[in-house]
> 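This structure is in structure tokens; I'll ask about it shortly.
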Amino acid sequence: MKKLSLTGPLTTLLACLFILCACGSDDEKGTSGGGGAGNQSGQIADGLDQRLIGTWTCIVSEGWEYNASGTILVHWKDLSAISTERWEFDDQGTQLSHNVYNEPDKPEWEMATFNADGSFYDINEDGSKPKGTWQTTNGTLTLTVSGKPHLKSYSFKGNTLVVVSEEYEEENGKRYLASKTVDNFERGTFNSSDNTINPNGGGYHPEDNDDEPAVNPSPDVSFNVLGVWKSYKMTITETLETDYVQDKNDENYMEFVFSDGGKATYSFWDETFVSISLNYTVSGNKVRVYSGQADLTLSYDATEGEGEGALVLSRPLPQNEAYTLNIYFRK
């Protein structure tokens with residue numbers, strides 16, 4: 001059987017994957033892909049703000065309760081998951097009490113995971129586990145749980161996601177704001193052992209029929225994508241042929257650099273070392289990278305990379321699409 005060469009076509013393959021004008025058909029041009037120019041600031045795709053995709057941990061939560069006259073009755077603020085301040089007032093707004101509670105051994109935490117398929121999961125230390133679907137429109141985040149929509153406003157302050165929830169009640173035929181909560185989230189999962197946030201942990205994924213799964217403050221953390229991932233091996237699945245990338249000067253060397261905020265850089269050799277800016281999202285063991293029309297998914301394999309795990313990009317071999325080329329990246 002004729003041996004299929006791994007070397008040679010890689011530059012063509014990767015140029016086709018990421019240099020969009022070279023290999024896309026006319027019908028493909030102009031599509032939005034995963035955050036292209038046709039989207040609001042390149043971030044909205046299929047009604048989903050791509051900046052939200054991933055797992056977030058609430059670090060500061062502040063809330064107010066009001067009476068029908070608009071007077072604050074209760075004001076509370078949770079800080080860093082372990083400290084709570086609470087103020088209480090009478091109907092005229094006179095302060096009745098002010099208490100501070102510090103319980104580092106009993107941290108309060110909440111994690112919300114927004115998936116690229118429009119599903120979401122939420123979990124906190126009390127075992128509350130709502131799940132459903134999410135959508136975004138003009139700064140409004142709609143969470144639908146058991147068929148009931150819950151509307152919240154959201155915005156970003158730097159890398160912090162700010163979500164505002166309001167509840168209204170009616171008294172004597174007058175509708176009034178009864179409570180308001182402002183939650184500040186940082187990207188990552190909460191680790192209760194040291195009250196820190198893993199900046200790129202996975203999300204909570206309950207089983208469909210699991211009404212009471214065990215509460216784990218750091219569930220499904222399989223790998224940390226942040227950092228530089230360098231190609232070190234290429235294989236053809238069907239023939240088990242393997243080539244190894246020696247170092248950065250190897251013509252088949254490639255790398256991904258994943259940074260905070262969903263930004264990434266992809267680099268490879270094409271006479272010179274070329275770098276392309278990308279966006280990325282993480283869901284489970286999948287990393288999706290995209291820019292304009294380019295849209296690829298790498299899978300994390302914990303058994304590869306000399307025990308440290310590897311990201312694997314699998315694509316048809318350019319000269320014979322019946323064969324699958326796998327490119328392995330490790331930190």
Side-chain angles (χ1 to χ4, degrees), residues 1-24 28 33-36 42 199-200 222-282 285-331:
M1 186 172 95
K2 183 179 179 181
K3 181 179 180 182
L4 293 173
S5 174
L6 284 169
T7 59
L10 282 178
T11 298
T12 303
L13 168 68
L14 294 164
C16 286
L17 296 181
F18 290 101
I19 301 177
L20 308 179
C21 61
C23 301
E28 292 172 336
N200 227 77
S222 55
F223 71 105
N224 183 352
V225 75
L226 294 178
V228 182
W229 294 79
K230 305 174 183 180
S231 64
Y232 68 94
K233 181 176 71 172
M234 292 167 285
T235 66
I236 295 177
T237 300
E238 290 75 13
T239 64
L240 301 181
E241 179 186 354
T242 301
D243 275 6
Y244 291 92
V245 179
Q246 300 302 317
D247 53 41
K248 193 169 184 176
N249 294 318
D250 194 308
E251 65 177 0
N252 292 324
Y253 176 85
M254 294 152 276
E255 70 179 31
F256 286 96
V257 180
F258 297 99
S259 305
D260 282 325
K263 300 299 181 182
T265 301
Y266 165 69
S267 303
F268 65 98
W269 282 102
D270 185 10
E271 296 184 357
T272 61
F273 202 51
V274 179
S275 295
I276 299 174
S277 296
L278 302 168
N279 298 313
Y280 77 93
T281 59
V282 180
N285 71 331
K286 305 292 186 182
V287 181
R288 174 189 169 214
V289 291
Y290 59 93
S291 178
Q293 289 170 271
D295 196 336
L296 297 172
T297 298
L298 296 89
S299 300
Y300 178 75
D301 186 341
T303 65
E304 282 288 344
E306 297 181 353
E308 296 182 357
L311 290 176
V312 186
L313 175 61
S314 298
R315 304 293 293 178
L317 199 65
Q319 75 268 39
N320 190 336
E321 293 194 357
Y323 292 83
T324 303
L325 172 67
N326 305 297
I327 307 172
Y328 294 81
F329 299 83
R330 65 186 174 194
K331 287 188 176 182

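Count residues from 1 along the sequence. Because the structure is predicted, anything quoted here is derived from the model rather than measured.
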> Side-chain contact test, heavy atoms from C-beta onward, threshold under 4.5 Å: evaluate it for Leu296 versus Arg315 and give yes or no.
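Yes - at least one pair of side-chain heavy atoms lies under 4.5 Å apart.
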> Tell me whether the guanidinium CZ or amine NZ of Arg330 lies under 6.0 angstrom from the six-membered ring centre of Tyr328 and within 45° of its axis.
no
> Ignoring hydrogens and angles, tell me if any N or O in the side chain of Trp269 forms a donor-acceptor pair with the backbone of Lys248 under 3.5 Å.
yes
> How long is the straight-line distance from OG1 of Thr235 back to CG of Leu325, given to the nearest 0.5 Å?
7.0 Å
> Please check if atom OH in Tyr244 has more than 12 non-hydrogen atoms from other residues, nucleotides or ligands closer than 6.0 Å.
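No - once you tally the heavy atoms of other residues, nucleotides and ligands closer than 6.0 Å, there are 12 at most.
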> Distance from Phe268 atom CZ to Glu251 atom CD, nearest 0.5 Å?
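Rounded to the nearest 0.5 Å, the CZ-CD separation comes out at 13.0 Å.
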> With a 4.5 Å heavy-atom cut-off, do Met234 and Asn326 have their side chains touching?
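Not touching, per the 4.5 Å side-chain cut-off.
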> Excluding sequence neighbours, so at least two apart, what forms side chain to side chain contact (heavy atoms under 4.5 Å, CB included) with Asp250?
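Asp250 satisfies side chain to side chain contact (heavy atoms under 4.5 Å, CB included) with Val245, Gln246, Asp247, Asn252, Tyr253 once adjacent residues are dropped.
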> Which atoms form the tightest heavy-atom contact between Ala264 and Tyr280, and what is the distance?
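Looking at all heavy atoms of both residues, the closest pair is CB-CD2, 3.8 Å.
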> Output the distance between atom NZ (Lys233) and atom CD1 (Ile327), rounded to the nearest 0.5 Å.
12.5 Å
> On a heavy-atom basis, which atom in Trp229 and which in Lys331 lie closest, and how many Å separate them?
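The answer is CZ2-CE, 3.4 Å.
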> Once you round to the nearest 0.5 Å, how far does OH of Tyr266 lie from CD of Glu255?
10.0 Å
> Has the side chain of Glu238 got a donor or acceptor atom that lies under 3.5 Å from a matching backbone atom of Thr324?
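A pair under 3.5 Å: yes.
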> Let me confirm one number: the NZ-OG1 distance from Lys286 to Thr281, rounded to the nearest 0.5 Å.
12.5 Å
> Calculate, to the nearest 0.5 Å, the distance between atoms OG and CG belonging to Ser231 and Leu311 respectively.
12.0 Å
> Which word best sums up how the rings of Phe258 and Phe256 line up, parallel for under 30°, tilted for 30 to 60°, or perpendicular for over 60°?
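Parallel.
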